[in-house]
Amino acid sequence: MSPVFYLISAMTVAGGLAAVLLKNTVHCALALTVAFAGLALLFLQLDAQFAGFAQILVYIGAVAILVVFAILLTRGSETPKDGVYSRNWPIGLVIAAAVFSVLGWAVLQSARVLPNETAVPKVTVLDIGNALVGRYVLPLEIVALLLTAATIGAVIVALHEKEGAK
Amino acid sequence: MASNSYFSLAVLFLAALGFGLAPLVLAWLWGKAFSPAKPNAIKNSIYECGLESRGDAWMQFRSAYYLYAIIFLIFDVEAVFLLPFAVAFTGLGAAACGAMLVFVLMLIEGLAWAWAKGVLTWA
Amino acid sequence: MLGEGILKGMAETARNFVGSYFSAERMTTVEYPEERIAPIEAARVFPFLVYDTENWEAGLRCVACQICEKECPPKCIFIEKSKDKKPDAIGKPQFYPTRFDIDISVCMSCQICVEVCPFEAIKMDNVFELATDDRFGGLLLDRKELAKSNEYYHGIHPTEAARVDARLAAEKVKADAKSTAAVVASAVKGAERPAPPAAGGV
Amino acid sequence: MIVWMDQFFVLLRNWLVGFLPVSLQGFAGVLLSVVTIVLLFPALFALAVWLERKGLGRMQNRLGPNRVGPFGLLQPIADGIKSLTKEDIVPLSADAPVHFLAPVVLVVAVFMGFAVLPMGRNMVLVDMDAGLLFYFAMGASTELAVFMAGWSSRNKYSLLGAMRAVAQMISYEVVLLLSSVAVVMISGSLSLTKIVEAQNHYTWGLPHWYIFTPWGLAGFIMYAIAATAETNRSPFDLPEGESELVAGYHTEYSGFKFALFFLGEYLAMFSISGLGSTLFLGGWSAPFSFLTWVPSWIWFFSKLMLSVFVFIWMRGTLPRLRQDQLMNFAWKFVLPFTLLNLMVTALWRFMGEGWERWVVCSAILVVVYVVMARVSLYKEHIRPRRYRYAD
Amino acid sequence: MTDTAFRREKMEEGWNRPPLIEEDGEAELLEVAMGPHHPSTHGVFRMDLALDGERVVRLKPVFGYLHRNHEKIAEGISYLASMPYTDRLDYICSLTNNWAYALAVEKLVGQQVPERAEYIRVILAEFTRIQNHASSIGFLIQEMGASGTPLMYAFREREKILDLFEELTGSRMMCNYMRFGGCRVDTSAAWLDAARKVVDGLPGFVDEFENLLSTNEILMARCQRVGILRPELAVNAGITGPMLRASGVNYDIRKVDHYGIYDRFKFRVPLGDHGDIYDRYMVRILEMRESITILNQALRDIPGGPIMDAKAKIRGFRPKPGEAYGRIEAPKGELGFYLISDGGPNPYRYRVRPPSLINLTVLEDMCLGSNVADVVLIFGSVDIVLGEVDR
Amino acid sequence: MAVDEGLKIELGKQGVFVTTIEELYNWGRRNSVWPMQFGLACCAIEMIATTMARYDLARFGAEVFRPSPRQADLMIISGTVTKKMAPQVVRLYNQMAEPRYVIAMGACAISGGPFKQGYNVLKGIDRYIPVDVHIPGCPPRPEALIQAFMTLQKKIDEQPLTGAGRPRHLDAEAQGEFPVPEQGAHDLEPTSNKGVWTVPVVIR
Amino acid sequence: MKTMEEIKAAIEAAAPGAGVEIVPNPSPSGQHSLRIAPSHAVAVATFLRDDAELALDFLSNVTGVDWLDKEVTEKVKVTSTVTKTVDDVEQDVEETVEETRKRVQPGCLEVVYHLFSSALKHGPVILRMKTMNRTDQVELPSLTPIWRSAEFQEREVFDLYGVVFKGHPDLRRLLMWDEFKDHPMRRDYVDPDDYEYEPTPHDAVLTRANAHKAAEEAKAREGTGAGL
Amino acid sequence: MTPLTGYLLVAALLFAIGLAGALTRRNAILVLIGIELMLNAANLNLIAFWRYGPHPEALTGMMFAIFSIAVAAAEAAVGLGLVISIHRHAHTTDLDNMNRMKG
Ligand code: SF4
Ligand code: SF4
Ligand code: SF4
């Protein structure tokens with residue numbers, strides 16, 4: 001539990017909070033990238049180098065771009081007249097708080113049984129590569145299928161305009 | 001070793017941040033000391049070819065941007081899988097490579113579909 | 001094929017890049033304040049007034065006939081004609097401009113004043129380094145600033161000046177001949193009547 | 001080989017650090033390397049700007065800057081002082097915090113990329129196992145900075161420019177990634193140091209650079225195209241295409257913020273050329289075995305400057321593409337070809353040593369290139385024309 | 001006021017508040033004004049564009065930013081005094097403007113022009129055409145983003161031609177050379193030799209230009225099938241000059257009117273078949289080549305003799321009442337002068353038929369449905385000069 | 001240097017410091033004047049010719065023609081300013097970041113030039129914005145523009161950093177906004193900015 | 001190409017009642033023109049464009065001309081019957097006396113079209129149309145629907161002369177700004193008074209500058225007076 | 001507190017924040033942002049458990065996290081695509097308004 005951990009966690013949580021609290025949607029998206037970056041740093045803290053960088057590449061590099069594009073495509077950066085929060089926001093807040101208390105409680109409860117320091121695992125990209133086409137070949141193919149499906153799905157959903165133009 | 005490399009990165013990050021911020025701070029100080037900023041309504045309005053700007057710039061864009069972003073996202077994710085595979089590639093057998101080939105081909109199929117659908121035509 | 005034309009273009013720029021170190025054809029820069037392009041004789045920038053003798057004021061060829069003022073397209077010449085007459089370079093009494101201003105911030109260097117002037121009094125200069133931060137002080141030239149000697153004129157437009165001088169000389173010869181003729185004639189007349197008081201040529 | 005020259009910077013650092021207590025040595029060493037990077041590349045930036053202005057001048061039959069300092073070398077410094085003291089305008093309707101952050105984010109993201117570039121033997125800030133991935137992860141963040149700049153200015157030209165820039169960058173980033181994958185497939189590592197090591201062998205005095213293999217050449221060309229687009233250089237400089245978008249996403253930036261964008265662009269150019277030479281041109285390794293005595297960092301930086309010069313050369317020659325052509329080119333030509341190149345790379349490995357693989361791989365690539373080029377030119381109806389005359 | 005205080009105050013006034021969302025979220029058209037200060041409008045032209053994405057759905061040119069009241073001024077000054085003003089109409093080609101005006105006045109008073117003067121006029125006009133076409137192509141490619149190189153080459157040649165002009169007429173751009181019934185000063189033998197030398201160098205220059213540009217794929221991709229103008233529309237809209245011929249209409253006033261002595265020279269009129277930007281570009285290139293052949297013939301055949309009609313009057317020039325319309329094939333198209341005389345020293349009505357303005361009639365038709373980036377190219381390919389458009 | 005000599009001595013070390021900074025500041029400013037990409041009429045062609053190979057304004061480090069006024073230092077008014085264009089010119093000038101300079105290139109920009117009789121021609125841009133250097137000529141030769149540029153550099157060099165003689169942009173009290181004229185029913189309104197243009201008295 | 005008379009005949013055959021009138025041009029250019037009645041202009045123009053023999057498909061130039069109200073002095077022959085004694089016989093004789101009369105010939109705005117044929121390569125055929133006066137009846141039919149090239153030129157004539165073209169698709173000011181009220185090319189247009197200072201003053205300009213200065217001063221004095 | 005607890009707590013907090021965002025915001029895109037946060041929180045858990053788990057060499061948690069990144073990215077693409085398409089039909093991204101329209 002180093003100060004670095006606290007720093008990064010604070011940054012992550014702050015980013016997350018800002019992402020759901022800020023008024024301007026683009027600001028939310030930018031805050032979201034801060035949260036993503038924090039998460040990536042946490043991954044690095046956990047010696048998951050590859051996952052950390054993959055997180056940056058995919059989330060900051062791609063998902064964040066996707067989000068801001070979506071915002072600009074829907075004129076979402078403008079502040080609507082009647083508030084940014086849903087009408088039944090208290091209910092949502094209560095639910096979230098409840099979930100957090102349950103989770104936190106559970107974590108703290110089990111704190112004693114959770115394992116402490118273990119040896120730093122030596123994981124290289126090579127291992128990941130080998131595992132990918134070895135043990136995890138089936139998930140890999142499934143992911144490919146999923147990604148293709150997602151491409152097609154997302155494109156079909158978002159396409160429309162072009163067909164109209166044709 | 002790992003923590004050391006992260007440490008270097010952190011130092012580099014701070015140095016780069018400093019490099020970015022220091023001149024801005026310096027410029028600000030210069031402004032304070034010698035050349036006062038003189039804002040006014042014309043200067044600080046949006047530039048639009050010397051005319052008064054009309055309409056808001058934060059407007060709606062076309063969905064073409066989004067379509068490309070989707071495909072980019074998919075390929076980005078693909079690269080995340082492809083890179084470890086490539087590292088291991090020299091030591092792999094044909095079967096493993098075949099598996100990867102299937103993976104890649106599946107994504108290419110998505111690309112080809114998008115191509116055929118005209119998604120890749122920026123108009 | 002894709003890339004061919006691009007490579008051809010790149011070769012062309014490369015040729016110029018390399019050539020710029022070797023051939024003057026490909027390094028055309030003339031480093032202005034130090035080097036200058038050889039002055040072109042015909043070059044014209046702003047008009048000036050020619051004077052003949054040592055004294056600029058007395059030697060001005062201009063007789064304030066105001067033709068140039070009238071013909072100047074943007075009307076940038078302003079002349080005030082003298083009330084009296086003064087002898088000009090050849091001693092003929094003439095009107096002279098008491099004021100001759102050219103606003104070179106308006107002048108369009110068109111040379112029309114030169115073309116219409118019957119007295120070869122106004123010519124085009126080739127000085128262009130006139131940048132100034134003083135709009136009126138620097139760019140509104142009065143007759144003193146405008147007056148340049150005939151030698152100066154010869155210096156900048158030798159061919160043209162020679163032609164002008166020849167023409168003026170010829171005219172002078174003609175005028176002299178005329179006046180001698182007139183003198184002779186009047187002398188002839190004078191033989192009959194008492195000579196009139198000497199007055200300027202009409 | 002003169003080791004001390006080759007390792008000059010490393011030894012210098014170690015020597016300097018040696019004066020400090022042991023507990024601080026690690027820290028000081030890192031600090032020293034970082035400071036070197038942070039100062040060296042901006043200096044290189046100044047040099048490159050000067051080179052660009054001089055080089056363009058020469059291509060255009062003129063001299064270029066030559067009055068400020070000897071040969072105009074101090075020109076960039078004068079520009080720096082000027083930018084520093086220029087008024088900083090933030091449009092009123094702009095989003096001030098984001099407007100302020102964008103150039104900083106850009107510069108930081110670009111600087112981070114240098115961390116993994118080996119600039120000479122043993123001269124790399126961090127030699128990570130996932131170095132290449134790290135590089136791309138950092139490169140991905142620049143897109144965000146560009147978007148921030150364009151969006152926060154709230155100017156139509158800026159936003160349009162930024163959207164174009166982002167669309168362009170994401171398109172070519174895919175190509176950049178995939179053309180590097182081919183290198184990784186052969187070298188078997190994401191660590192850039194290892195990739196250089198893998199190329200640092202010689203046969204008959206010639207190096208084993210990947211550019212000298214069919215797939216490597218093809219990959220390099222695709223990489224170069226993508227790199228040009230990624231750094232918004234001509235002929236892909238349309239996000240700041242002044243002919244229609246004034247100055248693109250930095251239209252509303254003045255003073256040093258603008259200078260930071262400028263700097264960021266050039267730094268990105270350096271880092272991407274550095275990566276390119278690392279991946280395909282053998283990084284810091286010498287081009288001939290008999291030249292290995294020349295310090296490695298000299299090779300690295302000469303390759304870097306050479307590629308920068310090519311960038312300048314292209315800028316001096318080529319007009320720019322249009323957005324749709326650029327996107328189509330990325331997705332319909334470069335990307336498929338890069339994917340094919342991946343397959344060819346795999347084939348290369350499976351065919352084993354021998355001359356056949358040279359023939360087969362080259363043939364595949366050339367034939368496909370020609371066919372694709374023809375087809376795409378044909379489809380775009382691009383062809384030379386003949387003209388008729390009337391008397 | 002300090003920056004912060006200023007911003008705070010303005011924010012209280014609501015400057016910074018983003019506009020509220022509108023009820024209908026319809027994808028709206030983006031209205032952009034291009035110009036009057038826009039890097040690629042050759043000065044002070046403005047186009048009000050409505051964009052759907054990047055597609056142009058409406059384009060309204062706005063003129064008058066350089067309306068200098070040429071016609072009004074000319075009605076207040078003598079016939080001769082208007083001559084220097086014609087230099088400033090199409091300020092790239094002052095000599096052809098001179099010629100057109102002189103031609104109209106000569107028609108009005110029935111003046112003859114000596115043969116040598118006619119030859120000099122042809123030589124100067126063809127030089128003017130070459131430098132106009134070269135710089136217009138340079139500007140076009142500049143708009144395509146080619147960082148100035150073609151423009152520099154064009155201006156390199158232009159300087160040579162301008163030197164000739166200056167040597168003869170005294171001024172680089174504003175020649176004010178032709179007079180009613182001839183020319184102002186005679187050419188010397190040295191000048192003719194210098195001119196021959198320049199002409200000898202021109203084919204090499206055109207070749208260089210073509211190498212640099214004509215087969216460049218980027219240029220072809222940007223220019224071919226963009227901004228198409230159909231011949232019927234072109235004729236109906238009064239389009240003239242290279243633009244008309246690029247649409248395939250064989251109409252060259254040099255051939256139609258045989259004004260001056262153009263019937264003595266052998267030259268061809270290049271015609272395009274597609275009417276797109278590339279055809280306009282190529283027609284200009286080919287016209288430059290034709291102009292070189294005319295120049296060669298004229299410089300070979302130029303006779304001796306006077307250069308001014310002896311009967312011509314400089315001062316006290318008062319044409320009899322009547323009117324005349326004289327036109328020539330200026331580099332940009334048909335340049336006509338329409339004069340009405342009431343017998344006074346000033347024209348009663350003085351009208352310029354500006355090719356640039358009328359060629360812009362079809363700008364919207366050519367741009368509709370194309371990309372914004374193409375608009376500047378299409379506009380550039382029309383080849384206008386604002387001094388003539390707005391007069 | 002225009003800094004008061006007495007003041008300099010008084011300030012002692014600090015004064016030396018100011019001078020060095022001043023010199024550095026003026027040196028940087030002078031050698032990096034980026035003009036705005038802005039052409040109005042015929043003179044613009046000569047301005048372009050000045051940047052071309054033969055004359056090469058780039059030698060002075062001034063080839064960076066910035067299209068956006070935010071990044072430009074110098075506005076070369078190269079050509080006729082019509083009344084229709086004047087508001088735009090003034091607005092663009094206002095949108096430039098300080099320090100900013102103006103060169104009025106050619107007769108038209110200074111006084112309306114040959115076209116000053118025209119109803120739509122502004123009789124000199126200095127009626128609305130302050131002009132640093134005037135170049136007469138129609139059009140001025142490229143060399144004349146270079147000379148004007150060097151005049152401007154000299155002018156910059158002579159500007160003190162502090163004190164009474166300091167240039168406008170260093171003076172918080174000095175005018176920073178130049179009102180944009182309106183296009184009225186018959187003419188621009190106002191026909192000149194009284195703060196910039198005072199009818200000069202010329203003694204003859 | 002046909003002569004003017006032939007063209008006139010052809011037009012009259014095609015569009016009866018067009019009221020075509022040949023306006024002779026005394027200058028050596030010999031470019032005579034046809035004046036047509038505005039009411040038939042479109043029909044005539046269409047005929048000229050579509051007729052196979054004329055095929056005037058290319059409208060080159062459109063010009064506005066302002067003819068001011070003019071005081072003409074003309075000699076009129078007045079015939080009156082006077083009783084005279086001729087040969088000692090009183091007779092009513094018709095006698096013609098020349099009288100000088102002055103009258104104001106009302107001015108008008110005229111629009112001139114120069115037509116060429118790009119197919120047959122001949123021309124110019126010049127058409128002219130007149131408005132009724134210079135003030136309120138300034139409408140003319142637009143020929144833009146027939147020749148696109150008239151689009152901007154007619155707008156320009158509208159802008160500078162104030163001729164209103166009926167049927168023009170987009171009749172706005174072309175060169176001056178939209179708020180501008182006058183038509184500056186008219187001969188009686190008065191320039192805006194912006195001569196604040198003239199270093200080389202000239203007759204009219206000088207007087208106006210002085211007047212302007214006086215007015216300014218008066219205004220200033222008034223202003224201070226009001227302020228006090 | 002063991003390190004793992006710390007990570008788990010952060011993950012829980014992020015999850016709750018994401019949930020709160022998803023439940024309280026009106027803009028559909030922000031709801032998706034909330035969901036992304038939740039997914040990422042889960043990812044953090046996966047990696048933390050892998051790191052402190054009994055068999056870090058087995059890579060299971062890590063691989064799972066990588067796959068999860070991929071899947072979450074795909075989810076984002078489809079989700080945002082849906083929002084865009086809804087926006088096109090309903091001209092709003094406001095969930096409250098959408099409900100009202102439906103109702
Ligand atoms: S050169 Fe032309 S503008 Fe200048 S003073 Fe002479 S006539 Fe007037
Ligand atoms: S310069 Fe010549 S034309 Fe002008 S007033 Fe003098 S004499 Fe007459
Ligand atoms: S000063 Fe002369 S060259 Fe310059 S814009 Fe005016 S008229 Fe044109």
Side-chain angles (χ1 to χ4, degrees), chain E residues 60-67 69 71-72 75 104 106-111 231-240 244 249-251 253 255-257 319-327 334 336-341 348-354 357-362 365 389-391, chain G residues 23-33 49 55 57-68 110 112 114-124 126 128 144 146-153 155-157 159-160 170 172-178 180 184-187 189 191 204:
Chain E
K60 289 287 169 221
V62 180
F63 302 91
Y65 287 102
L66 195 56
H67 178 44
N69 331 115
E71 292 179 7
K72 183 86 180 173
E75 285 169 20
E106 281 153 12
K107 273 200 175 159
L108 185 65
V109 297
Q111 191 131 47
E232 312 83 64
L233 178 63
V235 170
N236 190 258
I239 309 302
T240 45
L244 177 69
V249 181
N250 174 18
Y251 193 75
I253 298 172
K255 293 277 187 194
V256 174
D257 278 11
K320 290 194 195 67
E323 60 173 58
Y325 179 71
R327 57 174 196 163
E334 172 186 333
F337 279 82
Y338 175 56
L339 300 166
I340 302 182
S341 163
Y348 183 82
R349 175 74 177 109
Y350 171 103
R351 150 86 183 168
V352 187
R353 188 257 185 220
L357 172 71
I358 295 165
N359 285 357
L360 283 177
T361 312
V362 288
D365 304 61
V389 172
D390 292 342
R391 281 151 294 136
Chain G
V23 184
N25 179 2
S27 91
S29 71
Q31 294 167 338
H32 308 289
S33 42
R49 185 190 62 185
D57 48 2
F58 168 41
L59 166 61
S60 166
N61 180 32
V62 181
T63 319
V65 188
D66 182 17
W67 301 103
L68 285 177
E110 191 174 30
V112 186
H114 285 80
L115 300 173
F116 290 88
S117 166
S118 78
L120 305 178
K121 309 215 177 350
H122 61 71
I126 306 169
R128 327 178 76 99
T144 306
I146 295 149
W147 292 289
R148 264 293 291 286
S149 62
E151 184 179 342
F152 289 159
Q153 305 193 63
R155 263 177 76 184
E156 185 186 324
V157 174
D159 184 357
L160 302 181
D170 181 25
R172 287 174 297 137
R173 280 192 177 272
L174 183 82
L175 297 173
M176 302 305 285
W177 55 88
D178 291 335
F180 197 70
M185 277 298 281
R186 291 206 184 180
R187 296 189 79 85
Y189 167 76
D191 286 13

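Because the structure is a prediction, the values reported are computed rather than measured. FYI, side chains are in, hydrogens and waters are out, and symmetry mates aren't considered; it's all heavy atoms of this structure. Numbers restart at 1 for each chain; the letters A, B, ... are given by sequence-line order, proteins then strands.
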Applying a strict 4.5 Å limit to non-hydrogen atoms, the region of E:Ile340 in contact with chain G is side chain
Under 4.5 Å to a heavy atom of chain G? For E:Ile253 that would be neither
Between E:Tyr348 and G:Leu68 the two heavy atoms that sit nearest each other are OH-N, 3.8 Å
Turns out that what part of G:Asn61 lies under 4.5 Å from chain E's heavy atoms comes down to both
Do the non-hydrogen side-chain atoms of E:Lys107 and G:Gln31 ever get within less than 4.5 Å of each other?
yes
Within-4.5 Å side-chain heavy-atom neighbours: E:Glu75 and G:Met185: yes
Practice item. Evaluate the side-chain proximity of E:Arg351 to G:Glu156: yes if any heavy-atom separation is below 4.5 Å, no if none is. Key: yes
Whatever's closer than 4.5 Å to a heavy atom in chain G on E:Val235 counts as both
Minimal heavy-atom distance between G:Ser149 and E:Ala237, with the atoms involved, is CB-O, 3.0 Å
The interface call for G:Asp66 against chain E, heavy-atom contacts under 4.5 Å, is backbone
- prompt: Do G:Arg155 and E:Phe63 meet the cation-pi criteria used here (NZ or CZ under 6.0 Å from the six-membered ring centre, within 45° of the axis)?
  reply: no
Nearest heavy-atom contact between G:Arg186 and E:Lys72 is O-NZ, 2.8 Å
Ranking G:Trp67, G:Trp177, G:Tyr189 by heavy-atom pairs under 4.5 Å to chain E gives rank one to G:Trp67
Under 4.5 Å to a heavy atom of chain G? For E:Glu334 that would be side chain
Honestly, the part of E:Lys60 sitting under 4.5 Å from a heavy atom of chain G is side chain
E:Arg349/G:Glu110 ion pair, N-O < 4.0 Å:
no
Residues at least two apart in sequence or cross-chain that pass ring-ring contact (aromatic ring centres under 6.0 Å, His included) with E:Phe337, listed by chain then number, are E:Tyr101, E:Tyr350
The reported gap from OG in G:Ser27 to NZ in E:Lys320 (rounded to nearest 0.5 angstrom) is 9.5 Å
Tightest non-hydrogen contact, residues E:Pro61 and G:Phe152, listed as CG-CZ, 3.8 Å
Side chains of E:Tyr325 and G:Ser60 only: does a donor on one sit below 3.5 Å from an acceptor on the other?
yes
Distance col, row E:Leu108:CG vs G:Asn25:CG, nearest 0.5 angstrom, shows 8.0 Å
Side chain to side chain donor-acceptor pair (under 3.5 Å) test vs G:Arg148 passes for just one of E:Asp365, E:Thr361, E:Asn236, namely E:Asp365
Honestly, the part of G:Leu160 sitting under 4.5 Å from a heavy atom of chain E is side chain
Taking every heavy atom of G:Pro26 against every heavy atom of E:Pro321, the minimum-distance pair comes out as CG-O, 3.3 Å
The interface call for E:Thr240 against chain G, heavy-atom contacts under 4.5 Å, is side chain
Under 4.5 Å to a heavy atom of chain E? For G:Pro24 that would be neither
Honestly, the part of G:Val62 sitting under 4.5 Å from a heavy atom of chain E is backbone
So CZ of E:Arg353 and OG1 of G:Thr63: to nearest 0.5 Å the spacing works out to 10.5 Å
Honestly, the part of E:Ile358 sitting under 4.5 Å from a heavy atom of chain G is side chain
Under 4.5 Å to a heavy atom of chain E? For G:Leu59 that would be backbone
NE2 (E:His67) and CZ (G:Arg173) are apart, to the nearest 0.5 Å, by 10.0 Å
